[in-house]
Amino acid sequence: MMRLLRVCPTVLRQIIRSPIRSALTVIGISVAMYLFVSVEAMREGVHTATQVQAGDTTLVVYRENRFCPFSSRLPQFYGDRIERLEGVNSVVPMQIHVSNCRASLDVVTFRGVPRDELGTALASGGKITDGSVAAWERRGDAAVVGEALAARRGVRVGDRFSAAGITVFVAGILETDHPQDRNIAWVHLPFLQEAARRGGTGGLVTQFNVAVDEPAHLEAVASEIDALFRHDEHPTATRPERAFVGRAARDIVELVDFAGLLAWGALAAVFALIANAIVLAMRDRLRDHAVLQTLGFSGPLIAWMVLVEGATLGLVGGLLGAIGAFATVRVGHFSLTMEGLNIEIASGWSAPLVGIAAALALGVLAAIVPALRLARRDIASCFRAV
Amino acid sequence: MALIECRHLTRTYKRGAEAITPLQDLDLDIEAGAFVALMGPSGSGKTTLLNLLAGIDRPTAGTLSVAGSPVHTLARGELARWRSTHVGYIFQLYNLIPVLTAYENVELPLLLQPMSRSERHARVAAALEAVSISDRHAHYPRQLSGGQEQRVAIARAIVTEPSILLADEPTGDLDRATATSMMELLARLNAEQGRTIVMVTHDPRTTEWADTVLHLEKGKLVEQAVGGAA
């Protein structure tokens with residue numbers, strides 16, 4: 001065991017003192033891992049935003065057969081009728097206004113809620129880290145801004161910012177675990193309705209967010225809501241919030257799923273790069289390995305040295321690529337927004353850690369065959385080959 | 001009992017359908033502390049014998065015992081372990097690892113031994129001192145002359161204090177003056193440290209440092225003479 005550790009510095013010297021080959025390999029691996037981790041972060045964000053989870057209790061009531069906030073128009077009084085249904089804890093009518101209805105990395109989504117319902121509208125687990133609800137209630141043009149949106153736009157409490165022709169005063173910054181809320185500007189419902197009245201939508205809202213008492217009641221309450229308005233002028237389509245996001249952002253989901261192929265391609269590139277680097281290095285060092293065997297290095301010990309070399313190249317490249325992607329996502333606060341729905345690109349450690357582990361594993365895998373071949377080679381044939 | 005005992009030692013290779021026997025039915029005893037020169041024309045079996053003594057090749061028939069170890073019976077892994085403690089090998093073309101410094105090259109065989117870093121350092125320093133190359137310990141092989149490289153290779157061969165030192169034409173790639181100083185170094189190691197040396201050579205002048213000269217022809221020992229040092 002100690003032998004295995006004692007030879008590791010020699011392997012590192014071989015890597016460091018072949019700087020051009022090592023640098024080219026590590027750069028190639030890190031670029032591929034940057035791509036892999038970025039795509040994985042995107043996929044993770046989509047998964048978090050669209051997969052219904054066991055503890056979810058929020059329903060979204062939307063106009064049936066409408067998928068854009070500009071076309072979903074529901075009368076605000078529907079909220080009173082929904083609230084009377086059994087199993088419903090609260091109903092928050094929302095007017096949604098977006099700066100851009102297309103898929104984009106920088107869309108501002110305004111959600112209008114009644115003055116006394118901001119606390120209910122903000123998902124549990126959220127807290128206002130700067131500013132206050134009271135400050136929001138005092139001003140008609142006030143907005144509580146999600147942390148990701150605030151960071152992306154560089155706004156703080158007391159600032160004003162404009163989007164989609166609406167100018168708001170920042171009264172608070174919201175920090176929350178709920179990805180949908182991190183990219184939202186929460187404003188007063190009448191203020192947003194007034195802003196949108198120019199389009200003739202006064203008294204209408206885009207959607208209702210309905211909180212039910214038990215996750216198990218989610219489907220039953222959704223069916224009851226849709227049954228309630230089936231024969232109205234504005235029939236509804238009610239879904240769990242994450243399913244609603246998944247359905248509305250289906251194009252993004254498909255796009256991101258396709259991008260998953262790129263991630264696999266990146267992994268294949270890492271494997272090929274390391275395998276190529278190791279095979280070339282082994283060919284160059286055939287005489288060195290014969291010398292090592294003559295000195296008493298056994299076949300398995302030499303195979304171990306090759307594996308350590310592959311693993312080190314993979315690990316260094318993986319670390320650089322993963323940290324680069326992590327920093328990009330963290331600093332950029334990117335979210336994919338489509339028709340007013342935000343899918344935040346995950347900025348946690350999970351995707352980078354998966355990337356680093358994958359690079360390490362691929363490094364070892366790529367070195368296995370050259371290592372085994374070298375371990376089986378006898379000294380005389382190594383000397384004859386050079 | 002001799003340090004090295006060969007009995008009916010035979011090595012046969014297959015090249016296609018043809019069988020080649022570079023070493024045939026050799027009986028040989030080498031005493032501890034001897035300095036033996038192996039001579040003979042190309043293809044006479046000198047290097048094959050050296051490789052068998054070093055445990056980097058295996059006999060097809062016969063027995064080989066070094067310091068009481070039946071080398072011909074050892075499995076591949078055991079043979080590697082045995083080499084690491086019993087054999088020091090000096091190549092004609094030095095064969096230093098190019099990306100390692102002189103110090104690191106000499107340290108390599110000690111990585112296989114259970115010893116602390118400070119102990120390793122002391123052993124490497126002593127080996128470099130013994131071959132008078134301490135001042136070049138931080139140099140890479142490309143920064144050394146041929147003679148200096150061969151000194152480092154000798155330091156690498158003696159650092160584990162092996163039972164036998166095997167040298168395959170150690171002066172074959174050196175100019176005359178450097179070759180002489182290299183032979184003096186080997187003779188000094190033989191005389192002062194009692195190292196048993198078996199050296200393959202084509203150069204008759206180098207035999208004056210050996211105490212025994214063995215002549216091989218067609219895989220057989222044809223003459224055993226007294227060297228210049230005897």
Side-chain angles (χ1 to χ4, degrees), chain A residues 1-23 277 280-306 308-309 312-313 372-386, chain B residues 11 13 15 22 47-48 50-58 74-101 103-117 120 140-142 153 156-157 159-160 162 166 168:
Chain A
M1 182 63 191
M2 291 307 289
R3 275 181 182 200
L4 300 183
L5 295 178
R6 278 199 297 268
V7 299
C8 288
T10 302
V11 177
L12 295 183
R13 287 181 192 122
Q14 285 176 324
I15 294 173
I16 292 166
R17 292 173 190 173
S18 308
I20 294 177
R21 178 166 53 204
S22 301
L280 290 178
M282 293 312 108
R283 196 176 294 170
D284 277 3
R285 293 197 215 122
L286 210 51
R287 183 201 300 265
D288 296 354
H289 288 124
V291 171
L292 290 178
Q293 285 197 60
T294 307
L295 296 178
F297 283 61
S298 63
L301 186 59
I302 289 176
W304 161 256
M305 292 172 77
V306 176
V308 170
E309 184 165 353
T312 306
L313 289 171
L372 289 178
R373 289 181 64 178
L374 208 56
R376 282 202 285 261
R377 220 166 162 160
D378 68 273
I379 305 172
S381 77
C382 284
F383 277 126
R384 272 199 299 274
V386 292
Chain B
R11 180 67 172 106
Y13 299 103
R15 188 174 293 166
T47 299
T48 302
L50 203 69
N51 287 346
L52 290 173
L53 295 180
I56 60 180
D57 199 359
R58 304 163 73 88
L74 297 179
R76 202 174 165 189
E78 294 170 326
L79 210 49
R81 257 194 305 281
W82 176 81
R83 270 197 308 273
S84 71
T85 51
H86 287 83
V87 177
Y89 201 102
I90 302 163
F91 301 92
Q92 180 186 354
L93 296 174
Y94 334 124
N95 282 338
L96 299 178
I97 307 292
V99 295
L100 300 181
T101 62
Y103 180 96
E104 290 158 357
N105 266 287
V106 176
E107 188 188 28
L108 271 177
L110 296 181
L111 298 177
L112 305 173
Q113 315 289 342
M115 62 175 67
S116 66
R117 182 183 287 196
R120 274 206 309 272
Y140 290 96
R142 64 176 180 277
R156 184 177 64 184
V159 74
T160 55
L166 304 172
D168 189 3

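Note on naming: letters A, B, ... go to the chains in the order of the sequence lines (proteins, then strands), and numbering restarts at 1 for each one.
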Minimum heavy-atom distance B:Val99-A:Gln14, with the two atoms named: CG2-CG, 3.8 Å

When the 4.5 angstrom heavy-atom criterion is applied to B:Arg156 and chain A, the contacting part is side chain

Report which part of B:Thr48 has an atom under 4.5 Å of a heavy atom belonging to chain A: side chain, backbone, both, or neither. neither

Taking B:Asn95, B:Leu96, B:Ile97 one by one, which has the highest count of heavy-atom pairs under 4.5 Å against chain A? B:Asn95

Among B:Arg117, B:Arg120, B:Arg81, B:Arg76, which residue forms the greatest number of heavy-atom pairs with chain A at distances under 4.5 Å? B:Arg76

Output the residues of residues 288-296 of chain A for which the shortest heavy-atom distance to chain B is under 4.5 Å, in residue-number order; output 'none' if no such residue exists. A:Asp288, A:Val291, A:Leu292, A:Gln293, A:Thr294, A:Leu295, A:Gly296

Hey, is CD1 on A:Ile20 packed in by over 12 heavy atoms from elsewhere, all under 6.0 Å? no

State whether the number of non-hydrogen atoms from other residues, nucleotides or ligands found under 6.0 Å of A:Arg21 atom CZ is greater than 12. yes

Rounded to the nearest 0.5 Å, what separates atom [atom1] in [X] from atom [atom2] in [Y]?
| X | Y | atom1 | atom2 | value |
| --- | --- | --- | --- | --- |
| A:Thr10 | B:Asn105 | OG1 | CG | 9.5 Å |
| B:Leu111 | A:Phe297 | CG | CZ | 5.0 Å |
| A:Asp378 | B:Asp57 | CG | CG | 7.5 Å |

Let me know if A:Ile16 has heavy atoms under 4.5 Å from chain B in its side chain, its backbone, both or neither. neither

Pair count under 4.5 Å, heavy atoms only, with chain B: among A:Arg3, A:Arg17, A:Arg13, A:Met2, highest is A:Arg17

Side chain to side chain, B:Leu110 and A:Arg6, heavy atoms closer than 4.5 Å: no

With a cut-off of 3.5 Å and sequence neighbours excluded, list every side-chain donor-acceptor pair involving residues 85-93 of chain B.
residue : atom : partner : partner atom : Å
B:Thr85 : OG1  : B:Trp82 : O            : 3.2
B:His86 : ND1  : B:Trp82 : O            : 3.3
B:His86 : ND1  : B:Trp82 : NE1          : 3.4
B:Tyr89 : OH   : B:Asn51 : OD1          : 3.0

